[in-house]
*Asks:* 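Here's a structure for you.
Since the model is a prediction, treat every value here as computed from it, not as a measurement. Values below: all heavy atoms of this structure, side chains included; hydrogens, waters and symmetry mates excluded. Here is the naming used below: chain letters follow the sequence lines, and residue numbers restart at 1 for every chain.
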Amino acid sequence: MKLPVDQGKRGIVGAIANVFLLCLAVLAPLMFLVGIISLIDQWGAHHRFLNNLESYGKTVDAVVSYIDEDYNRAGVSFIDASGTERSGTLSLRYYTPEVIETIRPGATIRVIYIDRLISESEKTALADFYSEVKKAPPVLADYWWVLGISWLIIAIKPQFVFLGMVDYDQLIKV
Amino acid sequence: MELAPNLAVAAGIIVEILLLWETADRQRDAGPAPGILAPRLSRIQEITLIVLIVSWICIALAEYVNPPLSLNTLSFIQNAIMGPSFFFLFIFGMVIPKLMPRINEQTIVAINLIVLISLPAGIDWYWLAALLLPSLGVLVIALTNRIIHPGVKSLLYFWYLICLFIISYQNSYDLLASDQWSTSLEYFIGGASGIFLLLHSIFLVRFFLMLTANILPQNRYLVSLAMPQLFDDQQIPLLKFFGILAILAVIIVANQLTGLVASASLLNLLILLVVHFMDRPFALDQT
């Protein structure tokens with residue numbers, strides 16, 4: 001038999017959880033929208049990158065100039081087909097940790113670069129691991145987590161998604 | 001893009017926004033304000049007609065004069081069109097969906113038919129099956145007179161938004177895409193259908209979240225309260241409904257055989273006509 005004090009504590013905990021979820025539910029639709037926009041942007045960027053490599057890709061030896069751990073990429077310098085010195089970026093998200101270990105400042109690596117002056121033409125890919133780049137998922141797992149968590153919050157507390165379509169007093173009915 | 005196509009796109013966008021406003025006004029209000037110059041029309045209908053006439057005069061003048069504008073000026077004009085358009089799309093697609101036209105299952109069947117006809121020839125069998133199965137389901141529901149449960153209505157409306165998204169995706173919509181249209185009329189239709197399809201594509205994100213209210217029983221009342229704003233229970237008589245479907249099919253097939261109008265423009269125009277005008281002649285004589 002439950003004691004009234006236990007029921008009171010559960011009621012307080014439940015009310016706090018409810019308020020907490022409602023506060024998160026206010027932000028969740030915006031999180032979801034931002035997640036969708038970011039997902040579409042990543043998807044588009046990845047497919048444009050692959051299309052550009054297919055259409056204009058050329059292989060060359062490049063020297064690693066820096067490693068940017070914040071953005072998970074490396075800077076590379078190389079001489080393109082017309083003899084011009086160029087710099088590019090190498091995203092490290094496509095490669096295993098063992099491969100990334102070999103990419104150090106000053107190291108010479110073989111890359112595929114985009115031999116055309118178009119948007120995002122600074123991007124390069126490792127020539128020996130081009131198949132990995134093609135098979136890689138277009139979107140990082142982090143984005144799916146953001147979408148999944150915000151969706152879950154909305155599934156529990158969907159009230160704020162109905163703002164503007166349902167009267168306010170019916171929105172927050174108990 | 002020269003001045004005339006830019007004006008045509010802008011005119012298409014403005015006319016479509018006015019049509020959405022007029023449809024929302026008519027479907028939600030019992031008595032919209034009468035027109036000033038033409039009392040038999042509502043005020044918003046009158047404004048739409050005036051804007052249509054004035055814009056086409058401007059487009060015709062721009063085509064005739066064809067002023068040699070610099071790239072900077074043309075870019076400025078395009079930004080002036082796209083900026084407010086994206087603002088409109090965000091506000092009325094995500095925040096205040098007051099301009100979403102109310103549709104019924106018969107409208108969804110007509111839109112579905114247009115989408116199925118627009119599919120590319122070499123589509124994989126599993127995609128075709130994925131599209132045909134819900135299409136048949138919607139058709140069966142449209143042939144009955146029963147009032148549909150709000151949960152089912154929400155799924156039907158979601159399918160309708162998916163159909164519109166498929167059309168947007170196939171059109172690869174860039175509001176000012178220049179290489180798929182050649183005449184000012186096509187640019188006009190492109191602008192009008194572009195804003196319509198993008199508006200619904202953005203609302204698709206919000207509606208997908210609204211569908212989550214169907215999961216937990218204590219939240220389902222929200223769907224029951226929201227669906228009447230989006231879904232109409234009235235239907236037109238079956239004979240007229242089949243007549244409209246037949247006319248749509250004949251127009252599309254005839255155009256494919258004769259090549260009179262660009263296929264994408266025709267399909268986009270038919271979608272706009274179905275959504276805005278399918279319920280008009282018959283809405284008042286239902287019991």
*Asks:* Rounded to the nearest 0.5 Å, how far apart are CD1 of Ile154(A) and OG1 of Thr212(B)?
*Replies:*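 Rounded to the nearest 0.5 Å, the CD1-OG1 separation comes to 6.5 Å.
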*Asks:* Please check if the number of heavy atoms outside Tyr66(A) that lie under 6.0 Å from its OH is greater than 12.
*Replies:*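 Check passes, neighbour count above 12.
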*Asks:* If I compare all heavy atoms of Ala155(A) with all of Ile215(B), which pair ends up nearest, and what's the gap?
*Replies:*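 For Ala155(A) and Ile215(B), the tightest heavy-atom pair comes out as CB-CD1, 4.2 Å.
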*Asks:* Do Phe208(B) and Ile36(A) come within less than 4.5 Å of each other through their side chains, counting heavy atoms only?
*Replies:*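 When only atoms from C-beta onward are counted, Ile36(A) and Phe208(B) do not touch, as no gap falls below 4.5 Å.
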*Asks:* Can you confirm whether Met100(B) sits close enough to Met165(A) that some side-chain heavy atom of one is under 4.5 Å from a side-chain heavy atom of the other?
*Replies:*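 Side-chain contact under 4.5 Å: no.
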*Asks:* Between Lys98(B) (side chain only) and Gly164(A) (backbone N and O only), is there a donor and an acceptor less than 3.5 Å apart?
*Replies:* yes
*Asks:* Quick one: does any side-chain atom of Asn219(B) pair with a main-chain N or O of Ile156(A) as donor and acceptor, under 3.5 Å?
*Replies:* yes
*Asks:* By a 4.5 Å heavy-atom criterion (distance strictly below it), what part of Leu216(B) contacts chain A: side chain, backbone, both, or neither?
*Replies:*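 The answer is the side chain of Leu216(B).
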*Asks:* Using heavy-atom distances under 4.5 Å, tell me whether Phe32(A) contacts chain B through its side chain, its backbone, both, or neither.
*Replies:* side chain
*Asks:* Kindly give the heavy-atom pair with the smallest separation between Met210(B) and Val161(A), and that separation in Å.
*Replies:*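 That would be CG-CG1, 3.3 Å.
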*Asks:* Which answer fits Ile96(B), side chain, backbone, both or neither, if we ask what part of it has an atom under 4.5 Å from a heavy atom of chain A?
*Replies:* neither
*Asks:* Please name the pair of heavy atoms, one in Phe162(A) and one in Leu222(B), separated by the smallest distance, quoted to 0.1 Å.
*Replies:*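 Of all heavy-atom pairs spanning Phe162(A) and Leu222(B), the closest is CE2-O, 3.5 Å.
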*Asks:* Checking heavy atoms, do the side chain of Ile202(B), its backbone, both or neither come under 4.5 Å from chain A?
*Replies:*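 For Ile202(B), neither part sits under 4.5 Å from chain A.
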*Asks:* Taking side chain as everything from C-beta outward and backbone as N, CA, C, O, which of these in Val223(B) sits under 4.5 Å from a heavy atom of chain A? Side chain, backbone, both or neither.
*Replies:* both
*Asks:* Give the minimum heavy-atom separation between Leu209(B) and Pro29(A), together with the two atoms involved.
*Replies:*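 Heavy-atom minimum between the residues: CD1-CA, 4.2 Å.
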